[in-house]
J.: 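Quick one: the structure is below, and I'll ask about it shortly.
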Amino acid sequence: MTAQNRSARQTYLDGLSKGRLLYQFDEDTGTAVFYPREVGPGGRAQSLVWRESAGRGSLYSYTHVKSRAGDFNIALVDLDEGFRMMSTILGVDPSELNIGMRVHALFESDGEEPRVAFGAAA
Amino acid sequence: MSRATALRGAVAVAGIGTSGHPHMPAGSSPVDAMALASVAALDDAGLTIGDVDGVFAAGLQLFMPTLSLCEYLGLNPRYTDSTQIGGGAFLAHLNHAQAAISAGLCSVALIAYGSTQKSGGARFVSHSEPNPYESPYAYPGPVAGYALVAQRHMHDHGTTREQLAEVAVSARRWAQLNPFASDKSDLTVADVLQARQVASPLGLRDCCLVTDGGGAVVVVSAGRARSLRRKPVYLLGAGEAVSHRSIAQMPDLSTTAAVASSRRAFEQAGVTPGDIDVVQLYDAFTIMPPVFAEDCGFCQKGEGGAFLSGGRCAPGGSFPMNTNGGGLSFGHPGMFGIYTIVESVAQLRGDCGARQVPGAELALAHAPGGYMSSQSTVIFGNESTL
């Protein structure tokens, strides 16, 4: 049992604060893993290594939400490294959103905690 | 014979009860709704609260619902189960109750739910924990999760908004035959399509009604059920499956773990989809019944939208579905699963009046939980199916 002096969550957040999208790779199963965690899908805690995503991916699904606080979208993005995350697409008209469109990561640090959003890739 | 197959018909639903529909009096608690439904179900079975020795409950407003119900009714059960896997939890409770009763761990199982989601208004607070990988995006919960599923299903399989609208229209037509349904007003495909958008591609009429309500069922051994006052409705098969918690972790948004849960239920029951006479496919949102019709094997993957169109699932159609009006028109008190059981039992008893499916002998109820996260399927039959 090795001492854990930093949680997976904290490592992820530290990456975001520096504009880096970190994810884990499970060496036992050969799969990308997201959200950050302490135990890999093969059932072993020591099998996870950190990697950095290039921040490029495609839109897997989306919904445009109308609320009293304003309109926004919820997106599921498949990153090219093989993991999926919930996010939002910024700067794209709702009618232009479409499944499969290429997107790239944008880092926002002005909220309560840093987050990754995505914009349309050129 | 597998152990699950050995339990086919081992237990039966002996009593059903509902309460508080569409709303409880102001100031009511969810335990009030649950207790009213519980005593109604026990009365239906010809049993009393003193007979109950197994209690199964789940809730959105109650953190420890079995404890709340036992305290309220003065129950001292020897077996309890608070499994919370979302709206379909009560179908999973049925699976657990058949195991517990068959193992001798309890003899009279009460499965109950109660909600004051409507009358509680702004005071309604779910005890579901926030997810730090969703909250930065103001993910609004179920409607957005099922909208993501709908968008992807439309992309993968060509499902149309008109096909989804037909699900809502068919539910409304069943509701018009049910005196207890919340919304019996006329509804057309055009009404559904023109309704205010909530989360694309879903509009307001693609979404369930927010109501209060309680529901309860009493489950006993088949032998005990035959000695009670109502015709037993036997549990022939039950299946559960779990695939994720957050919608972002769902492996394939177009295909759910209902494939596995329904296979398990059909295997235990020893019947096939074509044998089923009446179906309840949980409809908090219109996308759900088409996906479940596919994943439970009633049609091919991708054909759910077309399969449920053209009046097939409406009154008089060849696939009677959500015959109480469903979550879309009967009412949806936060978790609807208990009503899929209540309606299945009522149909197999032949008690459904104007909405009765003539000669129904086999019924299937299917319900998910969370964001297509858990899936639970149960198959019931009357005496002739044993």
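In what follows, every chain begins at residue 1, and chains take the letters A, B, ... in the order their sequences are listed.
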J.: Can you say whether the rings of Tyr35(A) and Tyr133(B) are parallel (under 30°), tilted (30 to 60°) or perpendicular (over 60°)?
T.: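 Tyr35(A) vs Tyr133(B) ring planes: parallel.
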
J.: Given a strict heavy-atom distance threshold of 4.5 Å, which part of Phe83(A) is in contact with chain B: side chain, backbone, both, or neither?
T.: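 Neither the backbone nor the side chain of Phe83(A) comes within 4.5 Å of chain B.
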
J.: Quick check for you: to the nearest 0.5 Å, what is the distance between Arg152(B) atom CZ and Tyr62(A) atom OH?
T.: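 If we round to the nearest 0.5 Å, Arg152(B):CZ and Tyr62(A):OH are 11.0 Å apart.
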
J.: Could you tell me which portion of Pro36(A) (side chain, backbone, both or neither) has an atom closer than 4.5 angstrom to a non-hydrogen atom of chain B?
T.: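 Both parts, heavy atoms under 4.5 Å.
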
J.: Answer whether the closest heavy-atom distance between the side chains of Met86(A) and Ile247(B) falls below 4.5 Å.
T.: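 SC-SC contact between Met86(A) and Ile247(B) confirmed.
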
J.: Measure the shortest side-chain to side-chain distance between Ile74(A) and Pro140(B) over non-hydrogen atoms and say whether it is less than 4.5 angstrom.
T.: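 In short, these two side chains touch, coming nearer than 4.5 Å.
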
J.: Using heavy-atom distances under 4.5 Å, tell me whether Met250(B) contacts chain A through its side chain, its backbone, both, or neither.
T.: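 The backbone, not the side chain.
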
J.: Count the heavy atoms of every other residue, nucleotide or ligand shown that sit under 6.0 Å from CD of Gln300(B), and state whether that count exceeds 12.
T.: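 12 or below, so no.
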
J.: Considering only heavy atoms from C-beta outward, does the side chain of Asp252(B) approach that of Tyr60(A) to under 4.5 Å?
T.: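 Yes; the side chains approach each other to less than 4.5 Å.
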
J.: Rounded to the nearest 0.5 Å, how far does OG of Ser200(B) lie from CG of Asn73(A)?
T.: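 Between atom CG of Asn73(A) and atom OG of Ser200(B) there are 8.5 Å.
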
J.: For Arg56(A), I'd like to know if atom CZ has over 12 heavy atoms of other residues, nucleotides or ligands within 6.0 Å.
T.: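 Check fails, neighbour count at 12 or below.
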
J.: Which of the residues Ala150(B), Ser135(B), Ala199(B) is involved in the greatest number of heavy-atom pairs with chain A at under 4.5 angstrom?
T.: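 With the most close heavy-atom pairs to chain A, the winner is Ala199(B).
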
J.: Within a strict 4.5 Å, meaning less than it, do heavy atoms of the Asp156(B) and Ile99(A) side chains meet?
T.: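 Sidechains of Ile99(A) and Asp156(B): no contact.
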
J.: Specify the closest pair of heavy atoms between Thr88(A) and Tyr137(B), including all atoms of both residues, with the distance to one decimal.
T.: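 Shortest heavy-atom contact: N-CD2, 3.8 Å.
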
J.: Given a strict heavy-atom distance threshold of 4.5 Å, which part of Val116(A) is in contact with chain B: side chain, backbone, both, or neither?
T.: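 Both the backbone and the side chain of Val116(A) come within 4.5 Å of chain B.
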
J.: For a quick test of reading the model, state the closest non-hydrogen atom pair linking Ser61(A) to Leu253(B) and the distance between them.
T.: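 Residues Ser61(A) and Leu253(B), closest heavy atoms: CB-CD2, 4.1 Å.
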
J.: Does any part of the side chain of Arg84(A), heavy atoms only, come nearer than 4.5 Å to the side chain of Gln249(B), both counted from C-beta?
T.: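 No. Closest side-chain heavy atoms not under 4.5 Å.
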
J.: Check for a donor-acceptor pair, side chain of Thr63(A) on one end and backbone N or O of Ala144(B) on the other, with a separation under 3.5 Å.
T.: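 No, the answer is negative, given that no donor and acceptor are paired below the 3.5 Å cut-off.
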
